[in-house]
Amino acid sequence: MQRLYRKRIVLGVGGGIAAYKSAELVRRLRDHGAEVRVVMTQGGREFITPLTLQALSGHPVHLDLLDPAAEAAMGHIELARWTDLVLIAPATADLMARLAQGIANDLLTTLVLATNAPVALAPAMNQAMWADPATQANRQLLEQRGIRLFGPGSGSQACGDVGMGRMLEAEELAQAAADCFENGRLSGLRLLITAGPTQENIDPVRYITNHSSGKMGFALAEAAAEAGAQVTLVTGPVFLPTPDRVQRIDVVSARDMLAACEAAMPCGLLIAAAAVADYRPEVVAPHKLKKDPTTGDGLLLQMVRNPDILATLAARPDRPFCVGFAAETENLLDYAMRKLRDKNLDLIVANDVANPSIGFNSEENAVSVIDRQQHVTRFGQASKGHIARALVAFIADRYRQA
Ligand code: C5P
């Protein structure tokens, strides 16, 4: 199993002798399925060349905050949003001190302040430096703020000392990074997710559909599986790999999707992220429709309403905790609140699809979640994976309180 499949990791390399292990770490992270971008401090470059890490990560290494060329390719804010985890290995005493004080005087420290993603440090330093009260105070402060520490380990050190301060080995760090994505928030719960568009046939060669890529629903399925849920993902036609530990059911039309969802009931929690076609052609022509000269330039297609999958499941006696999505191009919160009421939902996730940087098919998203009391919780722009994990954590809390 690739424990970091499709996870985006920024690896920060500080200036310590353990930086030589970072090369191996890049390989291990990628072996576990992660996409890795490397950011090096000035000190890190003294110990290992950017070229090595570029070759191993498959991407240019990010070095300076004020490098116009690098910022044009992927600026530090984009990098901060892109990543699912910032792992700093080695993390020197100096880096820990700067991070503890919120100093942002290079690319790596700036990125740590700018990201919403979890941050983990793999300390590496001489045993006396690690034991120093200043370093220990910084460690405590960082941990209080939710920054994780992997290690350090104990043993013989490059300087000849023996004691605490050795950086953990690459495989141990890769496993610890994977553990960051695992949690038991939804353990044991059966969860149903709908995703992607539906296709409604007009004739044997044509259909009506929409721009949904399925990325958000798939990211939610992955995050829910990481949270320990038993996930069934009912998806319309999309080009996405199935997340680990997720049972995937492929469907085409809205009616197929409803049937597959009903077959997957009962479940404790339903997240309806699919963009279901509201209408379908009343009759599917048995043969390819021909251009008909008697009707002039037009073609009239009679459409009928599709069943509302979410509303149907929310009306069942064994109703799950229901989370809907509202993708709108205007009056986002008003329309979303109306849907929450009309479909009898517990939560609705409002998504502004008029904004091209977060809408259909984009890699990022920004959403607001509304509850029955009309409280609005905002989740700022970040990768769909990151938003999905934050949403799953939020939904899990609300589910437990219900
Ligand atoms: O009414 P609207 O399509 O905007 O509602 C969006 C929400 O309802 C989404 O959660 C979507 O998955 C769900 N839905 C559904 N079946 C439909 C239409 C929408 O489950 N036929």
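One-based numbering, in listed order, for ligands and for the atoms of each. Everything quoted here is computed from the prediction, not taken from an experiment.
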Gln140 and Gln136 side chains, donor-acceptor separation under 3.5 Å: no
Checking Arg378 against Ser368: is there a side-chain donor and acceptor pair closer than 3.5 Å? yes
Among all the protein's non-hydrogen atoms, which is closest to atom 16 (N) of ligand 1, and how far away is it? Ile309 N, 3.0 Å
How close do Ala104 and Leu113 get, heavy atom to heavy atom, and via which atoms? CB-CD1, 3.7 Å
Starting from atom 20 (O) of ligand 1, which protein heavy atom do you reach first, and at what distance in Å? Leu310 N, 2.9 Å
Under 3.5 Å: N/O of Thr194 near N/O of ligand 1: no
For Ala326, is at least one N or O under 3.5 Å away from an N or O on ligand 1? no
Would you please determine whether Asp308 falls within less than 4.0 Å of ligand 1 on a heavy-atom basis? yes
To which protein heavy atom is atom 3 (O) of ligand 1 closest, and what is the distance rounded to 0.1 Å? Asp278 OD1, 3.8 Å
Among protein heavy atoms, which lies nearest atom 4 (O) of ligand 1, and at what distance? Lys339 NZ, 2.5 Å
Pick whichever of Gly196, Ala195, Ala272 has a heavy atom sitting closest to atom 10 (O) of ligand 1. Ala272
of all protein heavy atoms, closest to atom 8 (O) of ligand 1 is Lys343 NZ, 3.0 Å
Leu56 CG to Arg28 CZ distance, which is reported to the nearest 0.5 Å: 12.5 Å
Quick check: are there more than 12 heavy atoms from other residues, nucleotides or ligands sitting under 6.0 Å from CZ of Arg27? no
Search all heavy atoms of Ala227 against all heavy atoms of Val392 and return the closest pair with its distance. CB-CG1, 4.0 Å
among protein heavy atoms, the one nearest atom 21 (N) of ligand 1 is Pro307 O, 2.9 Å
Closest to atom 6 (C) of ligand 1 among protein heavy atoms sits Phe325 O, 2.9 Å
Which heavy atom of the protein is the closest neighbour of atom 12 (O) of ligand 1, given with residue, atom name and distance? Ala274 O, 2.6 Å
By ring-ring contact (aromatic ring centres under 6.0 Å, His included) - contacts of Tyr399 (at least two apart): Phe321
Using a strict 4.0 Å cut-off to heavy atoms of Gly324, name the atoms of ligand 1 that fall inside it. 10 (O)
If you take all heavy atoms of Val238 and Thr235, which pair is closest and at what distance? CG2-OG1, 3.6 Å
When you compare the side chains of Asp106 and Thr109, does any donor N or O come within less than 3.5 Å of an acceptor on the partner? yes
